[in-house]
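Since the structure comes first, as structure tokens, the remarks are kept for the end.
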There are 2 protein chains.
Amino acid sequence: MLDKNSPLPIYYQLEQSIRTMIENGQLKPGELLPSEREYAEKYDISRMTVRQAINNLASEGLLVRQKGKGTFIAEQKIEQALQGITSFSEDMKARGLEPSTEIIHYQEEPAEIHIAEKLGINPDDPILEIYRIRLADHVPLAVETTFTPKAIVGNMTEQDFSESFYHYVEDTLGLTITHGDQEIESTLASPAEIEHLHLKKGDPVLLLHRLTYVSGKQPFEYVRTAYRADRYKYKIQLPR
Amino acid sequence: MLDKNSPLPIYYQLEQSIRTMIENGQLKPGELLPSEREYAEKYDISRMTVRQAINNLASEGLLVRQKGKGTFIAEQKIEQALQGITSFSEDMKARGLEPSTEIIHYQEEPAEIHIAEKLGINPDDPILEIYRIRLADHVPLAVETTFTPKAIVGNMTEQDFSESFYHYVEDTLGLTITHGDQEIESTLASPAEIEHLHLKKGDPVLLLHRLTYVSGKQPFEYVRTAYRADRYKYKIQLPR
DNA sequence: GTTATATAGTTGTCTATACATGTATACACG
DNA sequence: CGTGTATACATGTATAGACAACTATATAAC
């Protein structure tokens, strides 16, 4: 099973072996893992080496140690999706709602200075500005404005964009979405928001801004979404 | 420095000692940490014990190990903090503001049904309810209500609570904070919020609710914070 | 000067062992 | 019937030592 002459460390081989068995379903959530001594005897290695493998998996959350009882396969992490960047569509589906979109405009224009700053490009560089109404179960829930540099997305069509912007970026352009810097604030609805979301003057909205990055540092979109405050809560699961 | 007769493990004492020196600025980002052998000789402990302390800090991202060279204090912990659960104090310090707190009340009472549900306890089980005004640079920024079961925090004093609730939970109670489920919404300020935050009728607030868990599944606090919308944005860095 | 070579110091891996501490069960005692 | 107690077994902590792999520097050879 384990190759002591391999250049790969023994603890790492054992770690991968256990990881694979969990992924294959040979070890199921809630099940008891063989004890450290059993592993040590079975493979004729030191218990400390076994511990190094198990500790790594435990700190990843794949295993759960319990003093005096044993080590168990962790239960499935339920709502992982909400921890990372989600598109409006993904968010709505996760809530059991049917997303749809109405594009108000899709146009090329020179970047305004504060947009250019955020996107890390020069003022008046060409960008795409897309303004959309986002609906959940056919009811307007949010208005969303997306700014993205033409230098990155090239000749993306309105079709490419509306099918799935993120898939287009990752699959067709071959870029990797790494992270996003997000800000959330509360304000009163603007006249345009009042009109598109069927609100009245003095109603609050939840305002979400996000700068999304590819390859660790290059911003490729700045998106601003205004949600009806009475119908939308932002939900997130935070670690540690 | 380290107490070998303490019930606290030696590796844990060393870990906290190094952690403190980083927080105090006695060890600065980029700086080289003393070598494992130096620590082992200085405190007359085994090198493996030193490694356990350093490994824990490295897996937290506080230290960076480099084979053949040494172990270094990690750069910018600032942006990392925003990815996970933060206390008001941590949040404010990361923004360069000075946090302070005014406790309005700190009282024991039976849990209301919807609070009991969230905390996973029975209605009328004893809980602590703490209502505080949170200030940044001595200006009221938010009002915060915390609910926590007496069954978990026991005889925590107002002093324990206000120094650092999370440190009390982790260090004194020996629990591990694993994650939090957070919701953020936008509403208009309530009369109490108008008074404490010096707002006027019709002003919006950013409302943040969080259920914080220990040991993966046990909720230990439900906290509701209302921020002045004109002075606060919620910032978070999202992965992938 | 440039290039090997030795050397010392670092973290990485691994062993073998010992005792502490927590959990569960079987069993004798009252 | 309940209750300690012994026992077995689990993980947790800690030790002392060995060698491997990597980095940097000094030194010798060319």
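Order of the sequence lines fixes the chain letters, A, B, ..., with proteins taken first and strands second; residue numbering starts at 1 for each chain.
A donor-acceptor contact closer than 3.5 angstrom links the side chains of Tyr234(A) and Gln182(A). A side-chain donor-acceptor contact under 3.5 Å links Tyr12(B) and Gln16(B).
The CD1 atom of Ile45(B) sits 15 Å away from the P atom of dG17(D) (whole-angstrom rounding). Atom CD1 of Ile54(B) is separated from atom C1' of dT10(C) by 11 Å (rounded to the nearest Å). Between Asp44(B) atom CG and dA16(D) atom C1' there is a gap of 12 Å when expressed in whole angstrom units. Leu8(B) places its CG atom 15 Å from the C1' atom of dA14(D), with the value rounded to the nearest Å. As a whole-Å value, the separation of Tyr39(A) OH from dC9(D) P is 19 Å. Atom CG of Leu2(A) and atom C1' of dC14(C) are 14 Å apart (whole Å). Rounded to whole Å, the distance from CE on Met48(B) to P on dT13(C) is 10 Å. In this structure, the CZ atom of Arg47(B) is 13 Å from the P atom of dC14(C), given to the nearest Å.
In this structure, Ser35(B) does not reach the dG9(C) phosphate: none of its side-chain N or O atoms is under 4.0 Å from OP1 or OP2. A close approach under 4.0 Å does not occur between any side-chain nitrogen or oxygen of Thr49(A) and OP1 or OP2 of dC14(C). For Arg51(B), a side-chain nitrogen or oxygen approaches OP1 or OP2 of dG12(C) to under 4.0 Å. Remark: Gln52(A) is not in phosphate contact with dC14(C), judged by side-chain N or O atoms under 4.0 Å from OP1 or OP2. Between Thr71(A) and dT11(D) there is a side-chain polar atom (N or O) within less than 4.0 angstrom of OP1 or OP2.
Of the possible donor and acceptor atoms, one in the side chain of Asn55(B) sits under 3.5 Å from a partner among the backbone N and O of Arg51(B).
Which of dT15(D), dT15(C), dT21(C) sits closest to the side chain of Lys67(A) comes down to dT21(C). Checked against dT11(C), dA16(C), dC19(C), the side chain of Arg37(A) finds its nearest nucleotide in dC19(C). With dA24(C), dA24(D), dT21(C) as the candidates, the nucleotide lying closest to the side chain of Lys69(A) is dA24(C).
Take the nearest nucleotide of DNA chain C for Gly68(A) and for Lys4(A): the residue whose nucleotide is more 5' is Lys4(A).
Residues Phe147(A) and Phe220(A) place their aromatic rings such that the two centres sit no closer than 6.0 Å.
In this structure, Arg37(A) does not pair ionically with Glu41(A), as no charged nitrogen and carboxylate oxygen lie closer than 4.0 Å. Under a 4.0 Å N-O distance rule, the pair Lys28(A)/Glu23(A) does not qualify as a salt bridge. Salt-bridge formation is detected for the pair Lys150(B)/Glu108(B): a Lys NZ or Arg NE/NH1/NH2 atom is positioned less than 4.0 Å from an Asp or Glu carboxylate oxygen.
Scanning residues 9-21 of chain A for heavy-atom distances under 4.0 Å to DNA chain C yields Pro9(A), Ile10(A), Tyr11(A).
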